[in-house]
There are 2 protein chains.
Amino acid sequence: MSLAQLHYFVAVAEEGHVGRAAARLRVAQPPVSRQLRALEDELGQALFERTPRGMRLLPPGERFLVYARAALSAIEQGRAAVTEARGTRGNVQ
Amino acid sequence: MSLAQLHYFVAVAEEGHVGRAAARLRVAQPPVSRQLRALEDELGQALFERTPRGMRLLPPGERFLVYARAALSAIEQGRAAVTEARGTRGNVQ
DNA sequence: CGGGCGCGAGATCGAAACGGTATTGGACGC
DNA sequence: GCGTCCAATACCGTTTCGATCTCGCGCCCG
């Protein structure tokens, strides 16, 4: 599992569309498809249902989405706690 | 930033020693040193103080450690929420 | 009912990242 | 001053990643 996979997963979950998610992420579509599949393979469980219209989140995907967002959010907070604390006095929140 | 970097960072923070952390992670010492430096470089801030005895966490490192652990923990929880839910009835937890 | 379209997936290739081994530089202890 | 222990660097082979091109499959439209 990689952070890119988590970013891809969240984007596709939000867009319901690999191509649109790829555009938002500024990458091509095939890498997103491949990483998504690799993620499902690693988890041993399908996260999306492939429809002719795009991707729809399955229940396991919805469960995973919560934690994927939490992880990415924690990383952003950690980055902020280090980066924005340069010269800051006291606690950040 | 990568998940490996977070794992390496937490291990070194806990061991206070790159070599020991590397042994625990079953990798060689240079990759750990390199990834740690890359992480500091990306954050634009030193996380450790290099001493002749090993590595000591600096205040920014301590702040970051909290979120690094949170991110890794969230990923583990997400993995569990998907993996262990195979055939499980009702909520986990 | 057949052609066109939009979607994700697969194949292939070049580039970038990663880890391992070998080695260096620096500080403490004897 | 020499040996030792530490992290850091150099270099190399392998792996992984992303971009481009192409295919297969359903659906909509004519």
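Heavy-atom basis, side chains included; hydrogens, waters and symmetry copies ignored. Chain A is the first sequence line, chain B the second, and so forth, proteins listed ahead of strands; every chain is numbered from 1. The structure presented is a predicted model; accordingly, all values stated were derived computationally and were not measured.
- Summarising the geometry of A:Ala38 relative to A:Gln5, their closest heavy-atom pair is CB-NE2, 3.8 Å, with the distance given to 0.1 Å.
- Between the side chain of A:Gln29 and the main chain of A:Ala22, no donor-acceptor pair closer than 3.5 Å is present.
- DNA chain C lies under 4.0 Å from at least one heavy atom of each of the following residues of residues 3-22 of chain A: A:His17, A:Val18, A:Gly19.
- Contact check on A:Glu42 versus B:Arg79 returns a salt bridge, with a Lys/Arg side-chain nitrogen under 4.0 Å from an Asp/Glu carboxylate oxygen.
- Computed from coordinates, the B:Glu49 CD to C:dG26 P distance equals 18 Å when rounded to whole Å.
- Boundaries of the chain B contact region on DNA chain D are D:dC6 to D:dT9, first to last in 5' to 3' order (nucleotide atom under 4.0 Å from a heavy atom).
- Summarising the geometry of A:Leu43 relative to B:Thr83, their closest heavy-atom pair is O-OG1, 3.9 Å, with the distance given to 0.1 Å.
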### Message
Before you tell me yes or no, could you show the steps for A:Arg20 and A:Glu14 under salt bridge (Lys or Arg N to Asp or Glu O under 4.0 Å), namely the whole-Å CA-CA distance, both residues' side-chain angles and the distance that decides it to 0.1 Å?
### Response
CA-CA 10 Å; A:Arg20 220 183 313 277; A:Glu14 288 176 359; over 6 Å; no

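- Taking both residues in full, the closest heavy atoms of B:Leu6 and B:Ala68 are given as CD2-CB, 4.2 Å, listed atom of the first, atom of the second, then distance.
- When hydrophobic clusters are built by joining Ile, Leu, Val, Met, Phe, Trp and Tyr residues whose side-chain heavy atoms come closer than 4.5 Å, directly or via intermediates, B:Tyr8 is grouped together with B:Val10.
- Shown here is A:Arg56, whose CZ atom has no more than 12 heavy atoms of other residues, nucleotides or ligands within 6.0 Å.
- By the neighbour-count criterion of 12 heavy atoms within 6.0 Å, atom CZ of B:Arg50 is densely surrounded, having more than that number from other residues, nucleotides or ligands.
- In terms of heavy atoms, A:Leu57 sits closest to A:Phe9 at CD1-CE1, 4.1 Å.
- In the region residues 24-34 of chain A, proximity to DNA chain C at under 4.0 angstrom, judged on heavy atoms, holds for A:Gln29, A:Pro30, A:Ser33.
- Put simply, CG on A:Asp41 is 11 Å from P on C:dG10, counting in whole angstrom units.
- For the pair A:Arg37 and C:dA9, the criterion of a side-chain N or O lying under 4.0 Å from OP1 or OP2 is met.
- Atom CZ of B:Arg53 is separated from atom P of C:dG26 by 18 Å (rounded to the nearest Å).
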